[in-house]
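Computation of the quantities below employed the complete heavy-atom set of this structure, encompassing side-chain atoms and omitting hydrogens, waters and symmetry-equivalent molecules.
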Amino acid sequence: RDEPIDAAFIRGRVRRALDYRRRFADLNSCRLIFAESDGLPAVIADKFGDVIVLQILCLGMERFKGDIVDALAQELSPRGIYERNDVPVRELEGLSQQTGLLFGEVPDRVEMQENGVRFLVDVKEGQKTGFFLDQKYNRRAAAKIAAGKTVLDCFTHTGAFALNAAAACAKHVTAVDISADAIQKTRRNAELNGLSGRMDFVCADVFDFLTDMESNRKHGYDYIILDPPAFTKSRDTIGSAVKGYKAINAKAMKLLPRGG
């Protein structure tokens with residue numbers, strides 16, 4: 001229909017997105033609004049526990065930010081809504097990068113549960129909106145085959161795959177990441193779940209870590225999880241990215257026993 005794009009229109013789109021999530025999703029850890037797929041282009045809203053993190057990446061929707069915040073607050077009564085608009089693409093729309101409180105109050109660390117595992121999410125400084133919710137069901141699937149296995153989780157970030165595996169009764173889990181801050185957060189999340197006793201935390205470059213294991217024939221894992229960051233954000237570097245993905249998979253496969 002030919003409808004005026006006004007505050008009522010935007011609030012209606014937000015309500016429709018939330019009604020859909022109420023039917024299908026766990027609202028404790030959920031992407032509430034997913035941009036174009038919810039008819040709200042360039043708008044992302046992620047919910048962690050009782051806090052919502054909002055991103056608006058285009059000028060057209062930025063003009064309705066207040067209406068979006070009001071609709072989220074009215075529908076869900078969150079503890080707080082925090083803006084993570086520290087994304088360079090906004091500058092292409094003539095918008096500044098900015099972060100800050102939009103509603104209520106937001107602590108530095110927000111506790112949420114995913115697949116029954118507790119996490120402390122850094123919504124103010126963490127990557128993207130603070131946590132990679134898009135891998136939630138992949139982590140649940142990975143956990144189903146982790147019981148009794150010795151697991152290596154590469155590029156662990158804040159330990160999401162590693163903790164899902166450990167909580168599913170893996171024999172032992174080693175979490176590896178190049179970021180010391182990420183490893184510290186993984187350790188804290190493990191302590192939160194009482195899983196530290198069955199986990200190791202290694203701050204290292206994953207390529208170097210796997211190469212060292214291969215060189216020293218330290219083949220101690222029968223289950224390896226690879227969830228690397230994007231190796232390219234540009235068409236110009238696709239070739240080198242493909243080589244990187246091939247190398248990281250080949251190194252991991254060589255370390256696995258038959259049936260691993």
Side-chain angles (χ1 to χ4, degrees), residues 20-35 37-38 44 46-49 53 111-121 126-177 182-183 185-190 192-202 206 209-210 219-231 241 244-260:
Y20 187 80
R21 269 59 177 192
R22 287 185 178 107
R23 287 200 300 266
F24 296 107
D26 169 17
L27 292 185
N28 187 67
S29 56
C30 171
R31 176 150 289 182
L32 299 172
I33 299 174
F34 201 175
S37 63
D38 286 310
I44 296 293
D46 285 345
K47 188 168 183 288
F48 308 111
V53 180
E111 183 175 328
M112 71 157 193
Q113 282 197 32
E114 177 197 79
N115 303 329
V117 182
R118 298 164 67 193
F119 292 94
L120 292 173
V121 181
Q127 293 186 34
K128 301 293 180 73
T129 60
F131 195 87
F132 294 98
L133 289 171
D134 58 323
Q135 296 284 9
K136 177 176 184 174
Y137 297 109
N138 285 338
R139 289 190 280 261
R140 180 185 295 176
K144 285 183 178 179
I145 56 175
K149 292 182 172 60
T150 303
V151 180
L152 173 63
D153 179 30
C154 300
F155 310 100
T156 196
H157 189 224
T158 55
F161 271 103
L163 288 164
N164 271 265
C169 298
K171 183 177 179 180
H172 194 82
V173 179
T174 299
V176 184
D177 200 282
I183 289 297
K185 289 175 180 176
T186 299
R187 191 187 302 273
R188 188 183 305 131
N189 285 330
L192 186 66
N193 289 276
L195 296 171
S196 300
R198 288 189 286 114
M199 297 183 67
D200 289 326
F201 311 92
V202 180
V206 169
F209 182 85
L210 295 179
H219 297 193
Y221 302 101
D222 51 13
Y223 185 7
I224 298 178
I225 298 170
L226 295 174
D227 181 27
F231 289 169
Y245 287 124
K246 180 180 178 181
I248 201 74
N249 280 276
K251 286 177 181 294
M253 289 177 185
K254 288 178 182 178
L255 294 176
L256 288 171
R258 185 175 298 278

For residues 165-174, dump all side-chain donor-acceptor pairs below 3.5 Å to protein atoms at least two apart in sequence or in another chain.
{"unit_1": "His172", "atom_1": "ND1", "unit_2": "Arg198", "atom_2": "O", "d": "3.3"}
{"unit_1": "His172", "atom_1": "NE2", "unit_2": "Asp200", "atom_2": "OD2", "d": "2.9"}
{"unit_1": "Thr174", "atom_1": "OG1", "unit_2": "Tyr221", "atom_2": "OH", "d": "3.1"}

Using every non-hydrogen atom in the two residues, find where [X] and [Y] come nearest and quote the distance to one decimal.
X: Arg188; Y: Leu120; value: CD-CD1, 3.6 Å
X: Phe48; Y: Asp46; value: CZ-CB, 3.7 Å
X: Ala175; Y: Thr156; value: CB-OG1, 3.7 Å
X: Asn164; Y: Arg140; value: OD1-N, 4.5 Å
X: Phe231; Y: Tyr245; value: N-OH, 3.1 Å
X: Ala252; Y: Ile224; value: O-CD1, 3.5 Å

Can you tell me how far [atom2] of [Y] sits from [atom1] of [X], rounded to the nearest 0.5 angstrom?
X: Gln135; Y: Glu114; atom1: CD; atom2: CD; answer: 9.5 Å
X: Leu32; Y: Arg22; atom1: CG; atom2: CZ; answer: 9.0 Å
X: Leu255; Y: Asp222; atom1: CG; atom2: CG; answer: 12.0 Å
X: Thr158; Y: Phe119; atom1: OG1; atom2: CZ; answer: 6.5 Å
X: Cys30; Y: Met112; atom1: SG; atom2: CE; answer: 11.0 Å

Look at the side chain of Asn115 and the backbone N and O of Lys136, then say whether any donor-acceptor pair between them is shorter than 3.5 Å.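 Yes; judged by distance alone, with no hydrogens or angles, the pair exists.
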Is a side-chain donor or acceptor of Lys185 paired with a backbone partner of Arg187 at a separation under 3.5 angstrom?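 No, Lys185 side chain to Arg187 backbone: no donor-acceptor pair under 3.5 Å.
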Do the side chains of Asp153 and Arg139 get close enough for a salt bridge, i.e. N-O under 4.0 angstrom?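 Answer for the salt bridge query: no.
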Decide whether Asp26 and Gln113 meet the rule of one side-chain donor and one side-chain acceptor closer than 3.5 Å.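 No pair is found: no donor N or O on one side chain lies under 3.5 Å from an acceptor on the other.
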Flag the pair [X] / [Y] as yes when at least one side-chain heavy-atom distance between them is below 4.5 Å, and no otherwise.
X: Arg21; Y: Leu27; result: yes
X: Asp177; Y: Thr186; result: no
X: Tyr223; Y: Leu152; result: no
X: Asn189; Y: Val117; result: no

As a quick check of understanding, evaluate side chain to side chain contact (heavy atoms under 4.5 Å, CB included) for Met199 and Leu163, giving each step before the final call. CA-CA 9 Å; Met199 297 183 67; Leu163 288 164; 3.8 Å; yes
Mind jotting down which residue pairs meet the ring-ring contact (aromatic ring centres under 6.0 Å, His included) criterion with at least one end in residues 140-166? Sequence neighbours excluded, please.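 Non-adjacent pairs meeting ring-ring contact (aromatic ring centres under 6.0 Å, His included): Phe132-His157.
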